[in-house]
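Note that ligands are numbered from 1 as they come in the structure, with each ligand's atoms numbered from 1 the same way. Given the structure is predicted, the values throughout are model-derived calculations rather than measurements.
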Amino acid sequence: MAQPIGNHFLQIPGPTNVPERVLRAMSAPTIDHRGPEFAELTGEVLQAVRPVFGTTGPVVIYPSSGTGAWEAALVNTLSPGDRVLAFETGHFAVLWREMAEKLGLRVDFVPGDWRHGVDPAVVAERLAGDSAHEIKAVCAVHNETSTGVTSRIAEVRRAMDEAAHPALLLVDTISSLGSVDYRHDEWGVDVTISCSQKGLMLPPGLGFNAVSEKALRAGEKAGLPRSYWDWQPVLQANRRGFFHSTPATNLLFGLREALRMLDDEGLPQVFERHRLHSAATRAAVRAWGLETLCSDEREHSPALTAVLLPDGHDADKVRELILHRFNMSLGAGLGKVAGKVFRIGHLGHFNDVSLAGTLAGVQMGLELAGVPIDQGGVEEALRVLKAA
Ligand SMILES: *Cc1c(COP(=O)(O)O)cnc(C)c1O
């Protein structure tokens with residue numbers, strides 16, 4: 001196949017575009033992971049990553065995908081047969097539930113329509129109904145990457161506090177960390193799960209758990225079998241600047257650089273940029289006369305937008321056409337919305353003009369695929385960008 005000229009537009013909601021600065025940092029020679037230079041790297045990275053989680057506590061880093069970090073959160077805090085409360089917000093919530101069940105947990109899975117986030121009122125009601133405190137953890141996906149819906153974690157926390165329920169709060173921030181305002185400490189989250197290839201602008205390969213004091217204490221009694229995922233050997237080695245097994249050295253070089261970039265821009269500005277790009281994307285979608293999958297104004301994701309196609313139109317055909325004609329990748333519909341939606345990633349290493357180019361490609365693709373849309377979507381998005 002002939003190589004297309006110009007840059008590929010990687011507009012899936014992860015993996016995202018990796019900045020040149022990060023690529024260059026990762027191309028340095030691999031160093032001794034037990035030497036003094038490595039201890040400095042560990043020290044810098046473990047400090048600098050904390051503000052992104054909104055924590056002053058420990059963050060455990062694994063060479064893993066996000067799925068590994070999910071497993072780590074469960075096996076370090078829970079015991080076989082424990083009940084956990086989880087919510088069907090979309091495809092990733094479904095996958096996390098399946099994992100929990102394979103590990104021997106009993107999941108109370110609250111059904112959902114894939115158009116809303118976790119309902120704090122349901123959290124309150126379920127916990128109030130559990131006076132024996134059998135539910136040991138509430139599991140929530142902060143940003144449902146399959147639907148473009150962001151759950152209101154602060155309100156989930158408030159519901160847990162009002163019920164005076166001791167369950168742990170475990171939150172997946174895999175596609176929100178570094179793109180969406182998030183506060184591990186302030187929101188009383190016990191384990192925040194994330195990974196490298198979405199808002200952190202890195203290639204896949206690093207998994208994260210930010211861990212509260214309460215989660216560490218729960219870990220002392222947690223009975224699920226664990227070895228590779230055990231926090232303790234990592235935390236102990238980290239105190240001396242190392243990891244207990246070979247870390248992903250070059251990805252850590254990349255992480256150091258990506259964290260410097262986030263710090264240079266300033267996290268409030270990073271979050272504002274994502275909110276703006278999300279608003280501009282929605283302006284285009286509305287002007288086209290299409291609908292977003294997210295149907296709650298409070299819950300639109302700053303990181304991505306899932307666009308519903310009218311009945312009779314196949315979203316995967318639109319994506320294929322856009323890939324072939326314009327060399328741009330969009331996210332596929334996953335699970336029960338396969339073929340019905342496509343997803344526009346607007347997270348990570350991204351600016352106004354990248355968004356304008358992305359939306360222009362989407363608009364041309366929709367028209368060429370024969371999807372009936374109204375004119376002027378891109379213009380509406382540009383208007384939002386200019387007004388900012
Ligand atoms: C991407 C993603 C995952 C899975 O992460 P992997 O790195 O593919 O294992 C889990 N949850 C959410 C919300 C995601 O976006």
Taking it one step at a time, do W187 and Y182 satisfy side chain to side chain contact (heavy atoms under 4.5 Å, CB included)?
CA-CA 8 Å; W187 296 345; Y182 184 79; 3.5 Å; yes

NZ/NE/NH1/NH2 to OD/OE distance under 4.0 Å, [X] and [Y]:
X	Y	result
E320	K317	no
R106	D108	no
E380	R383	yes
R158	D161	no
R115	E291	yes
R256	E40	no

Would you say ligand 1 has an N or O under 3.5 Å from any N or O of S65?
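The answer is yes, given that S65 and ligand 1 share an N or O pair closer than 3.5 Å.
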
With atoms numbered from 1 as shown, which atoms in ligand 1 lie under 4.0 angstrom from a non-hydrogen atom of [X]?
X	answer
W70	10 (C), 11 (N)
S175	15 (O)
N143	13 (C)
D172	10 (C), 11 (N), 12 (C), 13 (C)
V141	13 (C)

Taking only non-hydrogen atoms of Q197, do any sit less than 4.0 angstrom from ligand 1?
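Q197: in contact with ligand 1 (<4.0 Å).
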
In the protein, which heavy atom is nearest to [atom], and how far is it?
atom	result
atom 6 (P) of ligand 1	G66 N, 3.5 Å
atom 15 (O) of ligand 1	T145 OG1, 2.4 Å
atom 2 (C) of ligand 1	K198 NZ, 2.6 Å
atom 9 (O) of ligand 1	T67 OG1, 2.5 Å

Any idea which part of [X] is under 4.0 Å from ligand 1, heavy-atom wise: side chain, backbone, both or neither?
X	answer
W96	neither
E144	neither
I174	side chain

Are H165 and H133, when compared by the centres of their aromatic rings, separated by less than 6.0 Å?
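Centroid distance H165-H133: below 6.0 Å, so yes.
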
Just to verify, which of V171, T89, V189, T192 counts as forming a side chain to side chain contact (heavy atoms under 4.5 Å, CB included) with H142?
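Only match with H142 under side chain to side chain contact (heavy atoms under 4.5 Å, CB included): V171.
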
